[in-house]
A.B. asks: 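Please read through the structure below; I'll follow up with questions.
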Amino acid sequence: MIQAFHVYKQYDRESCALSDVTVHVNKGEFCFLTGPSGAGKTTFLKLVFREELPSQGQIIVGGRNVTAIPDGQIPLLRRSIGVVFQDFKLLKRRTILENVAFVLKILTVSSKEQKRRAFTALKSVGLHHKMHAYPLQLSGGEQQRVAIARALINDPMLLLADEPTGNLDPDMTMEIMTLFQEVNSRGTTVLVATHDREMIQRLGKRVIALEKGRVVTE
Amino acid sequence: MIQAFHVYKQYDRESCALSDVTVHVNKGEFCFLTGPSGAGKTTFLKLVFREELPSQGQIIVGGRNVTAIPDGQIPLLRRSIGVVFQDFKLLKRRTILENVAFVLKILTVSSKEQKRRAFTALKSVGLHHKMHAYPLQLSGGEQQRVAIARALINDPMLLLADEPTGNLDPDMTMEIMTLFQEVNSRGTTVLVATHDREMIQRLGKRVIALEKGRVVTE
Amino acid sequence: MALLRALRYFVEEAFISLWRSRLIHAVSIGTIAVSLLVLGTFLTVASNLHAAVAEWSRKIQIVLYLEDGLEGRIRESLERRLAGDPAVAGVEHVTQEEALRRFRRLFPDLQRLPEDLGENPFPASLEVTVRADQDALANVDRLVVEYTQAPGVEQVQYDSLWIRRLNTAIQLVRWIGGFLGGILVIASVFTISNVIRLTAYTRQDELDIMRLVGATRAYVQGPFVVEGVIQGGLGGLAGVGLLWLAFRMLVGRALASSDLLGRAVVFLPIQLAAAIVIGGMVVGIVGSLVSLRRMPV
Amino acid sequence: MALLRALRYFVEEAFISLWRSRLIHAVSIGTIAVSLLVLGTFLTVASNLHAAVAEWSRKIQIVLYLEDGLEGRIRESLERRLAGDPAVAGVEHVTQEEALRRFRRLFPDLQRLPEDLGENPFPASLEVTVRADQDALANVDRLVVEYTQAPGVEQVQYDSLWIRRLNTAIQLVRWIGGFLGGILVIASVFTISNVIRLTAYTRQDELDIMRLVGATRAYVQGPFVVEGVIQGGLGGLAGVGLLWLAFRMLVGRALASSDLLGRAVVFLPIQLAAAIVIGGMVVGIVGSLVSLRRMPV
Ligand SMILES: Nc1ncnc2c1ncn2[C@@H]1O[C@H](COP(=O)(O)OP(=O)(O)OP(=O)(O)O)[C@@H](O)[C@H]1O
Ligand SMILES: Nc1ncnc2c1ncn2[C@@H]1O[C@H](COP(=O)(O)OP(=O)(O)OP(=O)(O)O)[C@@H](O)[C@H]1O
Ligand SMILES: [Mg+2]
Ligand SMILES: [Mg+2]
């Protein structure tokens, strides 16, 4: 599903966010991406869904070379990937139901269908009772769960989750992980960036560890 | 330092973010505030530095009744409290050095002194080498550390930290906790809202647990 | 179907945005309206002045006052000679009685004055209308000199100096109007693209998020274009409406009935009014596209 | 000291904000400049027209053409009678020779025409200037009737119709100028408060953060007020500058040398130009305060 070959990413002259990263994630796999603060986890995920371009190297996602696809096709790539952003990236001026439904809206799904599926997605993270609230009216953990619901609503072929449980209590963390495993068992490839060692140990999945932009253990 | 008497906070008709919360935190204490997502931790902290007013009840902070102080005195209250916000709240258009120095700037400290102290604060969280970067050029964990440096720069009488290690790896988490304990030993009262059970256990401090807006263990 | 849904989404979003920050949009529509109002005012003045000048030009006159008791034969030969001149558009004979009648019509207050004087003081005259072409002023000069000494002509009166002054004034109005008009069209484009740029800017975060979850560029920008069209259209409508109100209140009432300007003052033709509104909408589209040009993918 | 530091901070922040989003501010300053430019244009036209009209009014003339070979005695008694009339400001005697000289001066092309005709065709005349007061037009009418039949007077010529038309035109310009001028002052206030509101709006997050870390309301708002002042001032300067350029390029060159308007066309007096700039700054302060009024604590 994800094949990265000798990828480098340099934001500025002095330092390298990623150096010579070669990583393969198979279709249907569930794996963790870990490493200390500033190691390059978020940067790697950004390269996968083409928010950023690598300075060097190639990345193939779902058979498409994302370093070379034309601008017009980028939205298509992104629609096939569900992303839980580290800073949530919710639309402040829309209710959380609208936020979750937006992914379907841009596919011009009928609005009834949008609502139905968005409600189901919110229910799976336990927030259906707050569906008419705006993001800033929610607690940090609640916002994070909305971001998770949005990432999952369109049954993506690939799920990228960046520190998806940083604002959640241990019980809720386990619930979300169970949800991710369910989604994974339905065929979605899952890549979770996290610091939570306890969670990684408990799930016993494959771990890719970064440090200062380099892969240290596979 | 903090005395809350029968505090209620209702954002909307249906639900109560805080119900009948009575809590005392002594001067010089270090304690944790915990509870599942949406329990009311952030709400309680917001009441303490008067971002929100309680619907009912009284809160005394450092001898001042914050439910009754005039508008003109609110800035004075806030200057004596260091806050690490759950969503960081950094100024996007200023470098992180400027972000940290801003707290001193509004006190009209000389700009040389501002820079000196801001640099020291950034150094204590290990980010002095990135001082000219803008927040959006930093990783999630790095931004969180900037927020921590800003909260500490002016030696506040009270430190409120809302999930201050949600984006940090375990090693960095321990470093930050050590920093907080140092600050605490210099006389600052510290109140940390967190989900991290491991951290709470390891430090062995007093824990205030909230659930659905009520205090469940003291 | 998909296209229709997208279009509906654009319009809905545009209205939601207009409504959510209605104050700012009211102010911006007001600004556009004022720009177009100023433009419309100039168009109104220009079109009226143009018509008035055309009318006045047709009236450039030389009056040949005739000697008292002139023989009809001599008068007729004068009339024939004038009618044959290529610069002359028409000749009218005004008798002494007709001159008196005109005086009484123009100055009703002084009705009885001529009678008090005992005798008709007004001479008969030939009113010569000069062809309204580019050489009109030169022709006037030539005719004046030519007929000052003609037999039977007592005195030649003509409007040359005032016409020169009027022409200067008209030229001035044209310059100023063209100058201000040009600047104001630019200002309108500026204002709209300014407001749309700022609107987009205040929602930069949102636009980024939309793109990151897979919305196409067209999908993200559509609502802004529609918003621009609506803003421009509303601004144009408000501008024309205000202009019409002002016209009715100020100019219409005072001048429509009198004919001192030489003709009735009229409002903009409906086509031009419509053009202002449609122009506002086009400017809205252009302004929004310009302001959204450099959005990243 | 603290106050000075705060003030320095306001100015620094204002300039940083102006520089960081310089495109948007350039556009907004441009909008303000155009508003003030339009206002300035009207002020210029109005002040020039006013002066010209005053000048022209002083020149309302009735010309009494005298019979050929009139006795000096009769002419002098006419002059005395005219000079005694309260409506008359002055009387000038123009001899036949003087009339010929004037003709030659006005129409150099036709220099030799009078000689070709063999005789001086121009009659002597008395040029009567009417006092420029409210009754000027009525007085002209009365004088015309009174002297048309006077002994020695061949013919009376006067400008009444043109003067009436001109007066109408001036009234029209005043109405339109007042109307547009009023609207444009309002538009300027609108524009500045609009831009500042939007600027504050784009930085709402920042302003919230500042308050949450203990900045006072005055401290948060100070930079915006300074920004408003700078924007208004720059807009005013640009407007006056553009007006001056336009004046030099269009109006100045074409009209300053000729005196067809009756007098030289002049630029706005320096005080009025300064008033526009200072007005811009005041509007900037007011606009920023208005737009920041409802900020929470
Ligand atoms: N837009 C940017 N411009 C410049 N430098 C950047 C930018 N984004 C990230 N960096 C730098 O690249 C490095 C890697 O950042 P990244 O966000 O990938 O880290 P991370 O592993 O996600 O860390 P965290 O766990 O703290 O989120 C960091 O040192 C960061 O400062
Ligand atoms: N501005 C607001 N308007 C309406 N409801 C709000 C608002 N802020 C918080 N709430 C609600 O109040 C409850 C408590 O929120 P709070 O942010 O205090 O939770 P928390 O304990 O900080 O949770 P987390 O660990 O997820 O950050 C939540 O149910 C939340 O939805
Ligand atoms: Mg990260
Ligand atoms: Mg919280």
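Convention: sequence-line order gives letters A, B, ...; per-chain numbering from 1.
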A.B. asks: Determine the option with the most heavy-atom pairs under 4.5 angstrom with chain C, choosing from A:Arg93, A:Arg79, A:Lys92.
C.D. replies: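 Among A:Arg93, A:Arg79, A:Lys92, the one with the most close pairs to chain C is A:Arg93.
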A.B. asks: Could you report the tightest heavy-atom contact between A:Pro75 and C:Gly214, atom names first, then the distance?
C.D. replies: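 So the minimum-distance heavy-atom pair works out to CB-O, 3.3 Å.
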A.B. asks: Hey, could you give me the CD/NZ distance between C:Glu206 and A:Lys89, rounded to the nearest 0.5 Å?
C.D. replies: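 If I round to the nearest 0.5 Å, the distance is 13.0 Å.
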A.B. asks: Decide yes or no on side chain to side chain contact (heavy atoms under 4.5 Å, CB included) for C:Leu212 and A:Phe49, but give the supporting numbers first.
C.D. replies: CA-CA 8 Å; C:Leu212 289 180; A:Phe49 68 97; 3.8 Å; yes
A.B. asks: Which is it for A:Glu51 and C:Arg211 under the side chain to side chain contact (heavy atoms under 4.5 Å, CB included) test, yes or no, and what are the steps along the way?
C.D. replies: CA-CA 9 Å; A:Glu51 186 180 345; C:Arg211 287 182 304 94; over 6 Å; no
A.B. asks: For the atom pair CG (A:Leu91) and CE (C:Met210), what is the distance rounded to the nearest 0.5 Å?
C.D. replies: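 Atom-to-atom, A:Leu91:CG and C:Met210:CE are 5.5 Å apart.
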A.B. asks: Has A:Lys205 got more than 12 heavy atoms of other residues, nucleotides or ligands less than 6.0 Å from its NZ?
C.D. replies: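 Atom NZ in A:Lys205 is packed in, count exceeds 12.
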A.B. asks: Top residue by heavy-atom pair count (under 4.5 Å) with chain A, among C:Asp205, C:Val213, C:Thr216, C:Ile209?
C.D. replies: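 That would be C:Ile209.
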A.B. asks: Can you say whether A:Leu107 sits under 4.5 Å from chain C via the side chain, the backbone, both, or neither, judging by heavy atoms?
C.D. replies: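 A:Leu107 has no heavy atom closer than 4.5 Å to chain C.
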A.B. asks: More than 12 heavy atoms of other residues, nucleotides or ligands under 6.0 Å from OH of A:Tyr11: is that the case?
C.D. replies: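 Check passes, neighbour count above 12.
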A.B. asks: How long is the straight-line distance from OH of C:Tyr9 back to OG1 of A:Thr108, given to the nearest 0.5 Å?
C.D. replies: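 Rounded to the nearest 0.5 Å, the OG1-OH separation comes to 12.0 Å.
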A.B. asks: When only pairs under 4.5 Å are counted, which of A:Ser111, A:Ser110, A:Gly82 shares the most heavy-atom pairs with chain C?
C.D. replies: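 So the answer, after comparing A:Ser111, A:Ser110, A:Gly82, is A:Ser110.
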